[in-house]
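First comes the structure, then the notes that go with it.
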Amino acid sequence: MSPRTDYPKRHPDSSFRPIGDEGGLVVLPGKAQVKVLNPAAIMIYGLLDGAHSLNQIADRVTGDFDVSRETAMTDLHAFLDELASHGMLTDGGGDGEEPLG
Amino acid sequence: MSDQGQGKTAYRDMVETAFAQSVPLSAQFEITYRCNHLCTFCYNSPTGQRELRTPQIFEILKKISDFGVLYLTLTGGEPLCHRDFYKIAGEVRRLGMALRIYSNGYLMSDPKVLERIMALHPLEVEISIHGARPESHEALTKIKGSFEKTVKAIGLLSEAGQKVNLKCPITRHNQDELFDVKKIADRYGYYVTFDPVITPKDDGDTGPLSLSPDNAFFTRYWQEDYIKLHDGRLPPRANHCAPEGTEAVCGAGRTGFTVDPYGNMFPCVAFRRKIGNLLEVDKIDDIWGESPVLEQVRGLGVNARDNLNKREDGKYFTFCMGVAETQLGDPLAIYPQAETNARAVRRAYDLLKIEDGSGKKSA
């Protein structure tokens, strides 16, 4: 499963909160569920605003964490697939919103 | 990624970090003091001021959301008595916060109401139940037929697959039928939280304390009865309002806050020191980090913990600074209910030969 856009955007009904250096929490839209995200995942989640491209996000991951560009992009795609499977992404992108937190 | 079910440790770690760093994850919004019950022990103390209009509630919800709160509880009064309840709850969801509804359940006995509630996808609904019989429940609510409607609502919520937490404040009226209350909860697959501490009203009126259970009850409650009522769990030894080992006695001013129907912000639903009015600030961040009230409350939480640590029986205390302040005028003063409970819990630990808070009994 591939991301639907080069400018992925999180679902507008999901809220999230980075907490310290340990990651953060995300409330799933329309479900009584909360997800725990690790530090890389919560950082990426904050960048899914429809304004950041996949390449830009991968650059941030490479800059902030000790991973190669190739690994960062592979992990990013896997993460986006997982988010999409939980209904945590919107179909479109482009009109960016300010990341929370 | 992991969720609450699969990663309880990761979730607990996250909550503990939030506590340590004073990151508020939850808030309670009392959207109205109107209620369709007349509970004699209700802690609400309406001032007679005009309550927030719906656009003002929306404005405050936006500030709460922008502040990063994840869990928002709509409460009251009875929140469903607000004429714009569904609009307000819908706005909570639209802003992306997880919705909790704390209700007496009365209006949810109407399937049409329940349908609208379910459409909001609440994370959790909390329902108060005051007894296992109409006589005991309605002795407190003062509304004939309220028991039947509340139990019907519980059944409908269960059928709909909604997560529900039942809450039962223990009073002299229901202290002898707690097992029957548990049977009602069991029938619908829900957990019931029994609260043995009746608190004064927010304005300091101690009238509700006359409804507290008697001491003989506490002796029974904190021993074998507790274990049976709580699916084998042992009585909590330490304060349940803070993770074990933390520096403060509770999360007041740290992990959450409460907003009243006038827009006033407080450190906790029980600790009513006004931090500010949310209509008068641009952002909650502006007061969360700088409020002298919050700084004081956070310090008091540490002082309260220190005071309990100095007591020989301190580790058995569930202590609420808000109750202490309302009842005795001093947030660090030991109020009688806390002492009674601590004595009973200690006795239980001695009798049951519980070694520590891990839930293990000694041989």
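Proteins get letters first, then strands, A, B, ... in listed order; numbering begins at 1 in each.
Contact of B:L25 with chain A is made through the side chain alone, with heavy-atom distances under 4.5 Å. The part of B:V69 that comes within reach of chain A is its backbone (N, CA, C, O), which places non-hydrogen atoms under 4.5 angstrom from that chain.
For the atom pair OH (B:Y71) and CZ (A:R17), the distance works out to 12.0 Å, reported to the nearest 0.5 Å. Between the CZ atom in B:F19 and the CD1 atom in A:I19 there is a gap of 13.5 Å [rounded to 0.5 Å].
Legend: residues meeting ring pair (Phe, Tyr, Trp, His ring centres under 6.0 Å) with B:Y102, ordered by chain and number and at least two apart, are absent.
A 4.5 Å side-chain heavy-atom check between B:M97 and A:V27 finds every atom pair outside the cut-off.
Counted within 6.0 Å of CD on B:E295, heavy atoms from surrounding residues, nucleotides or ligands total 12 or fewer; the atom is thus considered open.
Among pairs with a residue in residues 99-115 of chain B, those fulfilling salt bridge (Lys or Arg N to Asp or Glu O under 4.0 Å) read B:R100-B:E124, at least two apart in sequence or across chains.
Across all their heavy atoms, B:M14 and A:L37 have their closest contact at CE-O, 3.9 Å.
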